[in-house]
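A short write-up of the structure that comes next.
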Amino acid sequence: MTQSTPDGSIPAQSAVTTDVLVVGSGPAGASAALLLASYGTSTLLVTKYGRLSDTPRAHITNQRTMEVLRDVGLEERLMREATPWEFMGNTTFCTSLAGEELGRVPSWGTDTVRHADYELQSPCAMLDAPQTITEPIMVQAAQDRGARVRFDTSYVSHVQDDDGVTTTLQDRLTGTTYTVRSKYLIGADGARSQVAADLDLPYEGPGAVGGALSIVFEADLSRFVAHRPSVLYWMLQPGAEKEGVGLGVLRMIKPWTEWMLMWGYEVAGGPPDLSDEVVRELAVALVGSDDFEMRVKSRSPWTVNHHFATTIARGRVFCAGDAIHRHPPTNGLGSNTSIQDSYNLAWKLAHVVAGTADPSLLDSYDAERAPIARQVVERANQSIADTGKILSALDLEHTEADALERQLALWKAPGAEGEKIRAAVREAIAYKAYEFDAHGVEHNQRYASSAVVPDGTPMPEYRRDPELYAQPTTWPGAKLPHTWVTRGGVQTSTLDLVGRGRFSVLTGIGGEAWLAASRTLGEQAGLSITTVSIGPGQPVEDPYGTWADLREIEDGGVLLVRPDGYVAARYPSAPPSEQQAADWLAAALGAVLGRDLSQV
């Protein structure tokens with residue numbers, strides 16, 4: 001039995017040690033532990049909960065996140081368990097599932113017009129994978145690769161010093177406190193992050209801007225949706241425009257037998273009663289029929305947030321995920337952005353811990369990801385505001401039953417007024433592409449930091465709307481473009497040529513000096529550098545000629561690619577000499593790593 005101290009507190013036990021302590025097992029924390037363990041970094045993940053996510057919460061899994069999971073070898077497993085891409089396509093706006101339909105917006109690149117854009121940008125499909133699927137896959141893989149995981153363990157506090165972080169944790173089962181000594185700490189403990197609060201991170205935005213209810217239930221609703229498969233159905237219902245996400249929502253979790261109902265409430269007044277009767281009444285209203293059986297699995301209120309941290313790290317402590325970007329689920333950016341936070345941070349921590357990078361490299365995490373936190377919060381909240389365009393098109397200030405019925409009658413009526421309303425509704429629904437087909441928001445993230453070496457060229461101007469359309473480029477600070485090449489005659493993505501926690505050097509015919517310099521520098525600096533030559537007769541060939549179109553350098557030029565697939569530096573042509581190739585590469589890689597590699 002644990003003995004208490006004279007003041008009644010339970011004494012701290014001796015310290016546990018690890019290179020990186022991760023607090024939180026959601027998408028940010030689970031992926032951080034997975035990536036760090038994959039890179040061979042000693043990692044301990046703790047969560048205050050007794051289990052992983054028991055509610056589906058985040059679910060849209062975009063191509064960039066699938067690329068991360070592909071890099072760590074989990075893409076195929078997730079594809080086996082998730083709802084496939086083809087079921088995600090028809091975001092429908094209606095009065096209820098059984099009621100009148102106002103229109104649909106093709107979503108997530110599933111329609112004929114946009115599908116090619118998505119396939120050209122990535123080797124990966126989109127999926128609908130709730131957290132109840134993704135978290136166990138990532139955490140189990142992290143454990144398989146050496147990460148230690150502790151449940152029922154609360155973060156209490158931390159103290160930094162010159163050599164590391166001492167974090168106090170509490171075992172929630174026994175009440176015992178103990179300390180963990182780590183080189184670095186990651187706070188991935190959600191929207192009410194205590195780690196972020198202890199760091200006193202600065203935030204901008206109004207905070208909680210609305211209230212919403214999430215009710216998960218089982219019911220076979222296939223007869224209402226089989227002809228228009230989708231993950232989201234939006235309902236114009238009396239009172240649906242009040243706070244929340246703008247309308248009532250039924251979200252598919254498992255086709256077509258498990259659902260999440262979302263409904264708004266006024267956050268100032270607190271959440272409403274969630275009795276069985278109230279839940280059933282909401283479900284019947286959104287389905288538009290009472291001819292179905294349901295079993296409620298969970299019910300919970302939450303707030304619609306508009307909040308982002310402008311600084312996301314201090315010293316040896318870094319925050320990720322909802323701890324730094326708090327926003328509604330619109331655009332499906334939550335877990336995706338969280339996982340990409342960790343993808344950005346993990347390789348940097350791994351290199352610093354291994355001694356192959358200077359700790360100054362870690363400053364680039366804040367420089368690169370804080371602007372993304374702002375971007376996704378603003379985009380997700382703008383999408384809620386854009387939902388109001390549908391109500392405006394129907395000339396509805398409020399969705400009271402009589403007003404809604406009157407305007408829907410006009411919407412179906414002949415004559416100039418009806419035609420005007422129909423055109424306005426079509427335009428308003430089509431505008432929701434900025435929520436459901438915002439491909440550029442996902443792929444056009446550009447970084448500027450000490451971990452990127454500019455080449456003196458301006459960022460390429462966008463040829464199409466940068467929120468809707470991805471535009472590949474090898475400009476330093478952009479993600480390496482995907483296209484299909486062949487290795488040993490087997491088709492492979494250019495993204496498969498890089499990653500795995502390593503820097504990569506990509507060149508072609510005439511770039512042999514870059515390859516030789518990379519191998520020598522890697523041996524001397526203690527780095528594993530992947531070398532790739534693409535072209536006729538090379539280990540990797542470009543039979544379609546698409547890599548030559550995308551690379552934006554000459555055959556003998558070079559791209560230095562970071563472990564997260566971002567272009568760190570590029571040189572446009574073959575090097576004037578082998579020595580100059582070695583000098584340039586040492587300078588570029590040294591600048592990223594914060595090391596002087598000229599003398600190694």
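Pairs engaging residues 345-367 under the salt bridge (charged side-chain N to carboxylate O under 4.0 Å, His left out) rule: K348-E368 [sequence neighbours left out]. Applying the side-chain hydrogen bond (donor to acceptor under 3.5 Å, both in side chains) definition to pairs two or more places apart or across chains, those involving residues 521-530 are R502-S528. Within the structure, salt bridge (charged side-chain N to carboxylate O under 4.0 Å, His left out) pairs that include any residue of residues 471-485 comprise E67-K479 (at least two apart or interchain). Listed by first then second residue, pairs satisfying salt bridge (charged side-chain N to carboxylate O under 4.0 Å, His left out) with a partner in residues 459-470 read D117-R464, R379-E467, not counting sequence neighbours. Within the structure, the salt bridge (charged side-chain N to carboxylate O under 4.0 Å, His left out) test picks out the following pairs touching residues 337-346 (sequence neighbours left out): D341-R369.
Applying the side chain to side chain donor-acceptor pair (under 3.5 Å) criterion to Y203, with sequence neighbours excluded, gives R326. Remark: Y462 engages no residue in a side chain to side chain donor-acceptor pair (under 3.5 Å) (not counting sequence neighbours). With sequence neighbours excluded, the residues satisfying side-chain contact (heavy atoms from CB on, under 4.5 Å) with S573 are E554, Y571. Looking at residues two or more places apart in sequence or on another chain, you find a salt bridge (charged side-chain N to carboxylate O under 4.0 Å, His left out) between E552 and R570. Partners of E578 according to the salt bridge (charged side-chain N to carboxylate O under 4.0 Å, His left out) rule, which considers only residues two or more places apart in sequence or in another chain, do not exist here. S53 pairs by the side chain to side chain donor-acceptor pair (under 3.5 Å) definition with R57, not counting sequence neighbours. Every side chain to side chain donor-acceptor pair (under 3.5 Å) that S577 has, sequence neighbours left out, goes to Q580.
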